[in-house]
Amino acid sequence: MQIQQQELLSFIGAPDVQLAIPTYQRPYSWTRDQCFELWLDIQRAARADRAHFAGTILFSSEQPSNGMRRIAVIDGQQRVTTAVLLLAALCRFLRTSGQSLPGTSAADIAATYLSLPSATGSQSKLMLSRADDDTLRAVIGELAGFDAPTPVQPARNVIDNLAFFAEQMADPAFDVHALWRGLGLLGIIGAEVDDPDQAQLVFESLNSKGRPLAVADLVRNYLLLSENRTEQARLYREYWAPMQELFAPDPGSLRLDSAIKGWLAVRFRKTRMRSPELVYSGFKQYAEDTYEGSKEDLLRELRGFCLVWAENYRFHAVKKFKSSHEWAINGAPTLTAGYKLKKADNEEYAARVRAELKAVDARW
């Protein structure tokens with residue numbers, strides 16, 4: 001197996017290479033939720049001018065014919081397809097808006113990332129499986145100048161997600177230069193396998209083996225990973241460990257996950273986070289796009305919420321604590337100030353925890 005780190009755009013735009021989704025793959029299934037997360041990742045990468053890892057793409061190559069190599073995308077088709085739809089929306093935007101990008105144009109994007117020359121004219125750079133392919137070919141054909149009629153029953157996710165990206169670009173605040181810069185910062189690990197049996201084993205390892213990370217694991221890693229070892233130990237000891245102890249015993253971090261979900265429900269009152277993926281996505285959106293304090297401020301806010309949530313765990317009685325937006329700026333004291341704690345089952349343990357928290361808070 002050959003492994004290479006590269007840009008996602010370089011993978012899609014490799015010259016004389018056609019990408020194909022094998023017929024045994026599931027249909028294109030990403031919805032607007034996943035597209036929005038990708039959109040936010042691109043904006044964050046552009047804003048921070050920092051590379052963003054977009055995942056691993058597992059593929060195998062076929063023997064070249066007529067000067068063209070075909071790559072079968074075994075794992076990663078959702079990301080690749082969505083990126084192509086985004087590029088199609090960008091190509092259409094550049095044509096209709098009159099805006100331009102330095103060093104590239106709508107025609108360049110169509111020729112590099114959306115289509116390939118062929119003996120009969122042009123064809124789609126990406127071939128999807130099943131009914132999805134006819135719909136994508138119709139979209140690409142319109143932009144690349146080859147005939148591909150829209151099917152009677154178009155693939156819904158292809159059309160909806162293309163429309164989603166078009167809606168984002170129609171926003172008056174849309175910055176096409178930031179989008180292009182962010183797209184260029186998306187990186188992948190390309191893993192090429194030669195043996196089909198080996199490909200299946202790698203695919204299974206990537207998708208079915210191991211225990212998925214809990215939301216609490218993802219949040220903890222996000223808040224602590226960038227710190228040095230000494231600071232990680234301090235933040236964990238002063239903030240994360242007390243939160244875990246509040247809900248112990250908590251196999252699989254289910255109670256702590258529930259607390260984090262409740263905390264985000266206060267932050268995003270109109271958003272229903274039905275899956276772990278959406279909960280973590282909501283957390284990242286808050287941490288990177290809304291919150292203005294430090295990561296320690298954020299840990300302190302989360303810990304303060306968990307203190308309240310743990311006491312009301314059976315009843316989820318947090319409605320009265322949904323204070324104004326100032327909580328997001330000022331931190332947990334706005335939420336818990338004046339709140340009288342219930343009598344603890346183990347007063348000695350409770351006294352120790354309160355003393356430790358008070359000692360940490362004294363610095364503020």
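Scope of the values below: all heavy atoms of this structure, side chains included, with no hydrogens, waters or symmetry mates.
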Where do Y239 and L224 land on the side-chain contact (heavy atoms from CB on, under 4.5 Å) test, with the steps shown first?
-> CA-CA 11 Å; Y239 297 97; L224 301 184; over 6 Å; no
I would like to know whether D16 and R69 meet side-chain contact (heavy atoms from CB on, under 4.5 Å); could you show each step before the answer?
-> CA-CA 6 Å; D16 301 320; R69 184 166 64 110; over 6 Å; no
Would Y113 and D108 satisfy side chain to side chain donor-acceptor pair (under 3.5 Å), going step by step from the backbone distance to the final call?
-> CA-CA 8 Å; Y113 305 105; D108 294 333; over 6 Å; no
Where do D41 and K284 land on the salt bridge (charged side-chain N to carboxylate O under 4.0 Å, His left out) test, with the steps shown first?
-> CA-CA 10 Å; D41 285 339; K284 281 188 64 179; 3.6 Å; yes
Residue pair V193, F59: steps toward the side-chain contact (heavy atoms from CB on, under 4.5 Å) verdict = CA-CA 6 Å; V193 293; F59 64 94; over 6 Å; no
Between I188 and E7, is a side-chain contact (heavy atoms from CB on, under 4.5 Å) present by the stated rule, with each step listed?
-> CA-CA 6 Å; I188 63 163; E7 296 173 352; over 6 Å; no
Run the salt bridge (charged side-chain N to carboxylate O under 4.0 Å, His left out) check on R92 and E142 step by step: do they pass?
-> CA-CA 9 Å; R92 185 178 291 171; E142 174 201 342; 2.9 Å; yes
Derivation and outcome, side chain to side chain donor-acceptor pair (under 3.5 Å), residues Y280 and Q285 | CA-CA 9 Å; Y280 182 62; Q285 184 178 348; over 6 Å; no
Give the C-alpha distance, both sets of side-chain angles, the deciding distance and a yes or no for salt bridge (charged side-chain N to carboxylate O under 4.0 Å, His left out) between D289 and R44.
-> CA-CA 8 Å; D289 302 332; R44 293 163 184 156; 3.1 Å; yes
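F93 and F165 have their aromatic ring centers separated by at least 6.0 angstrom.
Of all heavy-atom pairs spanning A88 and I140, the tightest one is CB-CD1, 4.5 Å. When all heavy atoms of L298 and A287 are compared, the closest pair comes out as CD2-CB, 3.9 Å. Pairing each heavy atom of P154 with each of I159, the nearest pair is CB-CG1, 3.9 Å. When all heavy atoms of A166 and A89 are compared, the pair lying nearest together is N-CB, 4.2 Å. Across W309 and S258, no two heavy atoms sit closer than the pair CZ2-OG, 3.4 Å. The minimum heavy-atom distance between L126 and L136, with the atom names listed, is O-CD2, 3.6 Å.
Between W240 and R303 there is no side-chain heavy-atom pair separated by less than 4.5 Å. L185 has its side chain out of reach of I42: every pair of non-hydrogen atoms, C-beta onward, lies at least 4.5 Å apart. Residues L186 and L183 are in side-chain contact: their nearest non-hydrogen atoms beyond the backbone lie under 4.5 Å apart. I3 has its side chain within reach of I189: a pair of non-hydrogen atoms, C-beta onward, lies under 4.5 Å apart. At least one side-chain heavy atom of L264 sits under 4.5 Å from a side-chain heavy atom of I260. Inter-residue side-chain proximity for Q123 and M68 is flagged as met; some heavy-atom pair is nearer than 4.5 Å. At least one side-chain heavy atom of L114 sits less than 4.5 Å from a side-chain heavy atom of L87. Side-chain contact between P102 and H177 is present, with at least one heavy-atom pair separated by less than 4.5 Å.
The pair R300-D297 fails the salt-bridge criterion, with no side-chain N (NZ, NE, NH1 or NH2) lying under 4.0 Å from an Asp/Glu carboxylate O. Under a 4.0 Å N-O distance rule, the pair R32/E167 qualifies as a salt bridge.
Grouping the Ile, Leu, Val, Met, Phe, Trp and Tyr side chains by contacts below 4.5 angstrom, directly or via other members, places I21 apart from M127. Under the 4.5 Å side-chain contact rule for hydrophobic residues, L8 and F36 share a cluster.
Checked by atom type and distance alone, the side chain of S124 never pairs as donor or acceptor with a backbone atom of R137 at under 3.5 Å. In this structure, the side chain of Q43 does not engage the main chain of G182 through any donor-acceptor pair within 3.5 Å. Remark: the backbone N or O of L94 is not paired with any side-chain donor or acceptor of Q99 at under 3.5 angstrom. The backbone N or O of T150 sits nowhere less than 3.5 Å from a side-chain atom of D134 that would complete a donor-acceptor pair. Between the R79 side chain and the A54 main chain, a donor and an acceptor come within less than 3.5 Å of each other. Without hydrogens or angle criteria, K125 side chain to V17 main chain gives a donor-acceptor distance under 3.5 Å. Judged by distance alone, the side chain of D257 and the main-chain N or O of A216 form a donor-acceptor pair under 3.5 Å. Looking only at distances, a side-chain donor or acceptor of D132 sits under 3.5 Å from a matching main-chain atom of Y28.
Side-chain contact annotation: Y236 with E231, donor-acceptor N/O pair under 3.5 Å absent. Residues E192 and S61 bring a donor and an acceptor atom of their side chains to less than 3.5 Å of each other.
With values rounded to the nearest 0.5 angstrom, L85 atom CG is found 7.0 Å from C35 atom SG. Here OG of S10 is found 11.5 Å from CD of Q5. Values are rounded to the nearest 0.5 Å. The CG atom of N157 sits 8.5 Å away from the CD atom of Q78 when rounded to the nearest 0.5 Å. Atom CD of residue E301 and atom SG of residue C306 lie 10.5 Å apart, to the nearest 0.5 angstrom. Note: L58 CG to Q77 CD = 12.5 Å, rounded to the nearest 0.5 Å. In this structure, CD on E37 lies 12.0 Å from OG1 on T82, to the nearest 0.5 angstrom.
Each of L86, L128, L19 was compared with T81 under the side-chain contact (heavy atoms from CB on, under 4.5 Å) criterion, and only L128 meets it.
The number of heavy atoms from other shown groups lying within 6.0 Å of CZ (R156) does not exceed 12.
Between W263 and F283, the two ring planes are tilted [angle within 30° to 60°].
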